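Reading through the C-alpha cells given below for one structure.
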Amino acid sequence: PWTAARVSEWEVVVPEVEEAEATAEDKVEEPVEDKAEDALSAQENALGGPLRPALVSVPGGTFLMGSPDEARTWDGERQASRYEFPQRKLTIPTFQMCQTEVTQAQYEAVMGNNPSRCDFGCGKNLPVQNVSWFDALAYLNKLTTIESVARVANGNSSLSACYSIHGLEVAWLWGCTGYRLPTEAEWEYAARAGKKTSWS
C-alpha cells in the first residue's frame with residue numbers, strides 16, 4: 001500500500017519525443033524523420049515546452065471505492081449520491097496519469113484553438129476549460145496520433161487511439177495503447193492518495 005506521503009516519490013515519466021500538429025501547408029510529403037524534427041522545433045518555438053504534461057506512474061493497489069456510511073447524513077451538496085454506496089474493494093493495476101491538468105497551451109498545440117473563457121482565467125500554463133467530454137476525447141485521440149507519428153519516426157512502435165467516435169456514439173477501444181481519460185475508479189484511487197477518510 002502507498003500513502004499520500006509517498007506521492008512525491010511517484011515516478012515522473014517525461015516523453016522522449018513529442019510532435020506538434022502539422023499545419024495545412026505542411027501536408028507535402030517529407031521523410032518521416034524530417035516531419036518529427038520539424039514538428040519538435042515548431043512546438044518548442046511556439047510553447048517553449050513539451051506538447052503534453054509529464055506523466056506520473058501511479059503504483060497499483062487495493063482501495064475502498066465509494067463513500068463511507070457517514071456520508072449519508074451530510075447536508076446539501078456534500079451528501080453522497082446513492083450510487084456511491086456501498087463501498088466496494090477494488091484492485092487497481094499501476095497506471096500513468098498526467099501530473100497536472102492539460103494546459104491551455106498544450107490543448108491549443110494539439111487542437112489548434114483555445115476554448116477557454118478568459119473571465120475564468122487565460123494563460124498558457126493554466127488548465128484548459130470550457131471543454132466538453134467529446135472535446136476531451138477528440139483531444140486524446142489527436143494527441144495519440146501526433147505522438148504515434150513521432151514514435152514511429154524514431155523507430156518505436158505506434159500508439160492506437162482509445163476512442164471510436166461517430167457523432168454522439170463513442171466506444172472505448174479495449175486494449176488501446178494511446179491516451180485516454182482515467183476510469184472513475186482510477187481517478188478516485190489517485191485522488192484518495194492512500195487515505196481512507198471521507199475526503200482526500
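A quick note: this is a predicted structure, and the numbers were derived from the prediction, not measured.
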In residues 164-173, what donor-acceptor pairs under 3.5 Å come from side-chain atoms, sequence neighbours left out?
from, atom 1, to, atom 2, distance (Å)
Ser164, OG, His166, NE2, 3.1

With sequence neighbours excluded, tell me which residues meet side chain to side chain contact (heavy atoms under 4.5 Å, CB included) with Asp119. Arg117
Shortest non-hydrogen contact from Ala185 to Ile92? CB-CD1, 3.8 Å
Using only atom types and a distance under 3.5 Å, with no angle test, would you say the side chain of Ser160 pairs donor to acceptor with the backbone of Cys176? no
Show the numbers, then the answer: is there a side chain to side chain contact (heavy atoms under 4.5 Å, CB included) between Leu181 and Trp133? CA-CA 10 Å; Leu181 295 172; Trp133 181 72; 3.5 Å; yes
Ignoring hydrogens and angles, state whether a donor on the side chain of Tyr179 or Glu147 is under 3.5 Å from an acceptor on the partner side chain. yes
Would you say that Val128 contacts Tyr139 through its side chain, given a criterion of any heavy-atom pair below 4.5 Å between the two side chains? no
Strictly by disulfide bond (SG atoms under 2.5 Å apart), give each pair with a member in residues 102-155 just once, sequence neighbours left out. Cys118-Cys122
Quick check: does any side chain N or O of Asn141 sit under 3.5 Å from a backbone N or O of Tyr163, one acting as donor and the other as acceptor? yes
Any chain of hydrophobic side-chain contacts (each under 4.5 Å) joining Trp187 to Tyr189? yes
Smallest separation among heavy atoms of Met65 and Leu90, with atom names: SD-CD1, 3.3 Å
How many angstroms lie between atom OG of Ser116 and atom CD of Gln129, to the nearest 0.5 angstrom? 4.0 Å
Do Phe95 and Met97 have side-chain heavy atoms sitting under 4.5 Å apart? yes
If you look only at pairs with a residue in residues 80-98, which of them pass as a salt bridge (Lys or Arg N to Asp or Glu O under 4.0 Å), with sequence neighbours excluded? none
Taking only residues two or more places apart in sequence, or in another chain, which ones meet Pro127 in a side chain to side chain contact (heavy atoms under 4.5 Å, CB included)? Glu101
Separation of Leu55 CG from Gln96 CD (nearest 0.5 Å): 5.0 Å
With distance as the sole test, does Thr94 use its side chain to make a donor-acceptor pair with the main-chain N or O of Gly60 at under 3.5 Å? yes
Would you say the side-chain atoms of Gln106 pair up with the backbone N or O of Thr103, donor to acceptor, closer than 3.5 Å? yes
Might you point out which heavy atoms bring Gly66 and Glu188 nearest each other, and give the distance in Å? N-OE2, 2.9 Å
Testing the basics here: between Val131 and Pro115, what is the closest heavy-atom pair and its distance to 0.1 Å? CG2-CG, 3.7 Å
Is there a path of hydrophobic side-chain contacts, each under 4.5 Å between heavy atoms, that joins Met111 and Phe134? yes
Would a distance-only check, ignoring hydrogens and angles, find a side-chain to backbone donor-acceptor pair under 3.5 Å from Gln104 to Gly123? yes
Heavy atoms, side chains only, cut-off 4.5 Å: are Tyr107 and Val110 in contact? no
Polar contact flag, side-chain donor to acceptor under 3.5 angstrom, Ser157-Arg151: yes
Any salt bridge (Lys or Arg N to Asp or Glu O under 4.0 Å) pairs touching residues 170-185, not counting sequence neighbours? Arg180-Glu186
Taking all atoms of both residues into account, what is the closest heavy-atom pair of Leu126 and Gly121, and its distance? CD1-C, 3.7 Å
